Novice: 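The structure follows.
From a predicted model like this one, the values you see are computed outputs, not experimental measurements. This chain uses plain numbering: 1 for the first residue, then up along the sequence.
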Amino acid sequence: MASSTLHFFFVALLLPFTLTTATRDTCATAAPDGSDDLSIIPVNARCSPFAANPTSTSVMDTVLHMASADSHRLIYLSSLVADKPNRTSVPIASANQLLHTGNYVVRSRLGTPPQLMFMVLDTSNDAVWLPCSGCSGCSTAATAACFNPNSSSTYSTVSCSAAECTQARGLTCPSSSPSPPSTCSFNQSYGGGSSFSASLVQDTLTLASDVISNFSFGCINSASGNSLPPQGLMGLGRGPTSLISQTTSLYSGVFSYCLPSFRSFYFSGSLKLGPMGQPRSIRYTPLLRSAHRPSLYYVNLTGVSVGPTQVPVDPTYLTFDSNSGAGTIIDSGTVITRFVQPVYEAIRDEFRSQVKGPFSTLGAFDTCFAADSDSLAPKVTLHMTSLDLKLPVENTLIHSSAGTLACLSMAGIPLNANAVLNVIANLQQQNLRILFDVPNSRLGIATEACN
């Protein structure tokens, strides 16, 4: 049974085995021993080809910028939960802004010989796609992410008669396929009237030392409207076309990650694929599944405590409902944890009662206060079935670059998003090992120093 431990650094590499850091080019594309590697980096980091100048802004400014995209992300997640007719829609912001599906970019390799690709890591998406060379309408900035099918000897298209053509959403084929069968293709729309078309194709995917033959993904060949975001997408959802589903025989539907903190420019963390090498001392809570959107990873959030006080909230705002999609999900692509408005207001009000004001608003954060009072800030505990997650202070507060201001790093669900979905986001997951055991329907959480 295969298992890969894929280590990453904010400006370093993910390697197939645990390594101590050494003095070398942390943005290199090969491991010290010459083997293939897979790296994951935040999209604004120095090693990301999509970051113009990652050191020009403070941590607070970076988080505020990323959190400003959360509203688009939440609308996308809500449209999936609500099972609306445009469920294949992937919203983006205005032209030249990034796709709002995640903040961590995966270094992977596709084709023979392998071509280095940068793809967004997304636990709430089943799709795997990326721009291909010759794409009409794709951003010229996407050169670092473009895949060249003509340079791969193992590349092949998927026909309309293949089983894979019926598995992904949005796929289209002619009503009467010619002989030989036509290539399976699909169209997807973007928020704001943009769209792209792609062909379903297969090629060899290399993850660390693991080689996966005939891996299916979307090869984008044209786009219209706003510029197509340069990253590809690596979905880790439970749908049939996700990375996890396509590699079940290799990784047994088990993966985990440890996301690094935003507080250091040289972050480190790791992604582990497969059951081997996962932490032995870890607490589990059930993973729940919604009939409307079975790919989302739901947990049963039963309550929230601020310091010693369990916040009084109507349980109907937390109760999981498979039919409506109400409940709480854990998501790698949302930046700050969001609660339905009545729950968030109760948490915020209790937090304020235990911290000295006055309070101000900054971007998405409505509870900011003088940093000299942050020693009084209580810890927030998320109560789940069989698991109480007490968030470290650094996962609850974010500080301004000058160190004079601290803000509660949570918020309410925007009014234009689904009002029944709570989201545990990546800022609250940092420096924790988050383990997804899909076959056994359980989520594990353990403290780990990802830095």
Novice: Can a side-chain donor-acceptor contact be found between Arg293 and Ser295 if the only test is distance below 3.5 angstrom?
Specialist: yes

Novice: Could you measure the distance from the CZ atom of Arg238 to the OH atom of Tyr297? Nearest 0.5 Å is fine.
Specialist: 6.0 Å

Novice: In terms of side-chain heavy atoms, does Ser305 have a donor or acceptor partner in His383 at a distance below 3.5 Å?
Specialist: yes

Novice: Measure across Gly333 and Asn426 and return the closest heavy-atom pair with its distance rounded to 0.1 Å.
Specialist: C-ND2, 4.2 Å

Novice: Determine, step by step, whether Thr381 and Leu391 satisfy the side chain to side chain contact (heavy atoms under 4.5 Å, CB included) criterion, reporting the C-alpha distance in whole Å, the side-chain angles of both residues, the deciding distance to 0.1 Å, and the verdict.
Specialist: CA-CA 6 Å; Thr381 302; Leu391 296 172; over 6 Å; no

Novice: Is it true that a side-chain atom of Asn422 and a backbone atom of Thr328 form a donor plus acceptor pair closer than 3.5 Å?
Specialist: no

Novice: Given side chains that start at C-beta, do those of Val313 and Leu318 come closer than 4.5 Å, heavy atoms only?
Specialist: yes

Novice: Mind checking what makes side-chain hydrogen bond (donor to acceptor under 3.5 Å, both in side chains) contact with Thr247, not counting sequence neighbours?
Specialist: none

Novice: Going from CG on Leu296 to CG on Leu421, what distance comes out if it is rounded to the nearest 0.5 angstrom?
Specialist: 7.5 Å

Novice: For a quick test of reading the model, state the closest non-hydrogen atom pair linking Ile220 to Ala198 and the distance between them.
Specialist: CA-CB, 3.6 Å

Novice: Roughly how far, to the nearest 0.5 Å, is CD1 of Ile330 from CD1 of Ile445?
Specialist: 5.0 Å

Novice: Which residue pairs pass the salt bridge (Lys or Arg N to Asp or Glu O under 4.0 Å) test with at least one member in residues 353-368, sequence neighbours excluded?
Specialist: Arg348-Asp366

Novice: With sequence neighbours excluded, what pairs up with Phe351 under the side chain to side chain contact (heavy atoms under 4.5 Å, CB included) test?
Specialist: Val306, Val355, Thr367, Phe369, Ala377, Pro378, Thr396, Leu397, Leu408

Novice: With sequence neighbours excluded, what pairs up with Thr316 under the side-chain hydrogen bond (donor to acceptor under 3.5 Å, both in side chains) test?
Specialist: Asp314

Novice: Could you check if a side-chain atom of Met234 sits within less than 4.5 angstrom of a side-chain atom of Ser108, using non-hydrogen atoms only?
Specialist: yes

Novice: Applying side chain to side chain contact (heavy atoms under 4.5 Å, CB included) between Ile424 and each of Asp331, Val299, Thr334, report the one that passes.
Specialist: Val299

Novice: Run Lys272 and Gln278 through side chain to side chain contact (heavy atoms under 4.5 Å, CB included) and show every step you take.
Specialist: CA-CA 7 Å; Lys272 297 181 180 181; Gln278 301 294 353; 3.5 Å; yes

Novice: Would the distance check show the side chain of Thr337 and the main-chain N or O of Met410 forming a donor-acceptor pair, the cut-off being under 3.5 Å?
Specialist: no

Novice: Side chains of Leu130 and Leu110, heavy atoms from C-beta outward: is any pair under 4.5 Å?
Specialist: yes

Novice: Given side chains that start at C-beta, do those of Ser441 and Pro286 come closer than 4.5 Å, heavy atoms only?
Specialist: no

Novice: What heavy-atom pair brings Leu236 and Ser242 nearest, and what distance separates the two atoms?
Specialist: C-CB, 4.3 Å

Novice: Among side-chain atoms of Asn431 and Thr447, is any donor-acceptor pair under 3.5 angstrom?
Specialist: no

Novice: Taking ring pair (Phe, Tyr, Trp, His ring centres under 6.0 Å) as the test, write out the residues that go with Phe255, two or more places apart.
Specialist: Phe436

Novice: Before you tell me yes or no, could you show the steps for Ser386 and Thr285 under side chain to side chain donor-acceptor pair (under 3.5 Å), namely the whole-Å CA-CA distance, both residues' side-chain angles and the distance that decides it to 0.1 Å?
Specialist: CA-CA 6 Å; Ser386 305; Thr285 188; 6.0 Å; no

Novice: With sequence neighbours left out, which residue pairs that include part of residues 432-442 fulfil the salt bridge (Lys or Arg N to Asp or Glu O under 4.0 Å) condition?
Specialist: Arg433-Glu448, Asp437-Arg442

Novice: Under the disulfide (SG to SG under 2.5 Å) rule, what pairs show up with a residue in residues 279-317, not counting sequence neighbours?
Specialist: none

Novice: Would Val201 and Phe217 count as a side chain to side chain contact (heavy atoms under 4.5 Å, CB included) here? Give the steps.
Specialist: CA-CA 6 Å; Val201 301; Phe217 60 96; 3.5 Å; yes

Novice: Hey, is the main chain of Ser409 close enough, under 3.5 Å, to the side chain of Gln428 for a donor-acceptor pair?
Specialist: yes

Novice: Kindly write out the residues that satisfy side chain to side chain contact (heavy atoms under 4.5 Å, CB included) with Ser322, not counting sequence neighbours, or none if the list is empty.
Specialist: Ala291, Phe320

Novice: Would you please name every residue forming a side chain to side chain contact (heavy atoms under 4.5 Å, CB included) with Asp349, sequence neighbours left out?
Specialist: none

Novice: Any non-hydrogen side-chain atom of Ser324 less than 4.5 Å from a side-chain atom of His292?
Specialist: no

Novice: Considering only heavy atoms from C-beta outward, does the side chain of Leu205 approach that of Leu243 to under 4.5 Å?
Specialist: yes

Novice: Quick one: side chain to side chain contact (heavy atoms under 4.5 Å, CB included) partners of Thr309, sequence neighbours excluded?
Specialist: Glu350, Gln354

Novice: Applying side-chain hydrogen bond (donor to acceptor under 3.5 Å, both in side chains), can you list everything that pairs with Asp372, at least two apart in sequence or on another chain?
Specialist: none

Novice: Do Arg352's NZ or CZ and the ring of Phe359 fall within the cation-pi criteria of under 6.0 Å and 45°?
Specialist: yes

Novice: Once you round to the nearest 0.5 Å, how far does CG of Leu382 lie from CD1 of Ile347?
Specialist: 7.5 Å

Novice: Is there a donor-acceptor contact under 3.5 Å from the side chain of Tyr298 to the main chain of Gly325?
Specialist: yes

Novice: Of the non-hydrogen atoms in Ile413 and Gln341, which two are nearest, and what is the gap between them?
Specialist: O-OE1, 3.4 Å

Novice: Which heavy atom of Ile336 sits nearest to which heavy atom of Ala364, and what is that distance?
Specialist: CD1-CB, 3.9 Å

Novice: Please check this pair: side chain of Arg109 against backbone of Gln115, looking for a donor-acceptor N/O pair closer than 3.5 Å.
Specialist: no

Novice: Does a side-chain heavy-atom distance below 4.5 Å link Asn395 with Leu427?
Specialist: no

Novice: If you measure from CG on Leu116 to OG1 on Thr206, what distance do you get to the nearest 0.5 Å?
Specialist: 11.0 Å

Novice: Picking from Thr385, Leu443, Leu435, what satisfies side chain to side chain contact (heavy atoms under 4.5 Å, CB included) with Tyr284?
Specialist: Leu435

Novice: Please find out if less than 6.0 Å separates the ring center of Tyr317 from that of Phe339.
Specialist: no

Novice: Start with the C-alpha distance between Glu164 and Leu200, add both sets of side-chain angles, then the distance that settles side chain to side chain contact (heavy atoms under 4.5 Å, CB included), and finish with yes or no.
Specialist: CA-CA 8 Å; Glu164 292 86 352; Leu200 187 63; 4.1 Å; yes

Novice: OG of Ser332 to CD1 of Ile434: how many Å apart, nearest 0.5 Å?
Specialist: 11.0 Å

Novice: Which residues pass the side-chain hydrogen bond (donor to acceptor under 3.5 Å, both in side chains) test with Gln429, not counting sequence neighbours?
Specialist: Tyr257

Novice: Heavy atoms only: give me the nearest Leu389-Met384 pair and the separation to one decimal.
Specialist: CB-CE, 3.9 Å

Novice: Run the disulfide bond (SG atoms under 2.5 Å apart) check on Cys135 and Cys146 step by step: do they pass?
Specialist: CA-CA 9 Å; Cys135 174; Cys146 276; over 6 Å; no

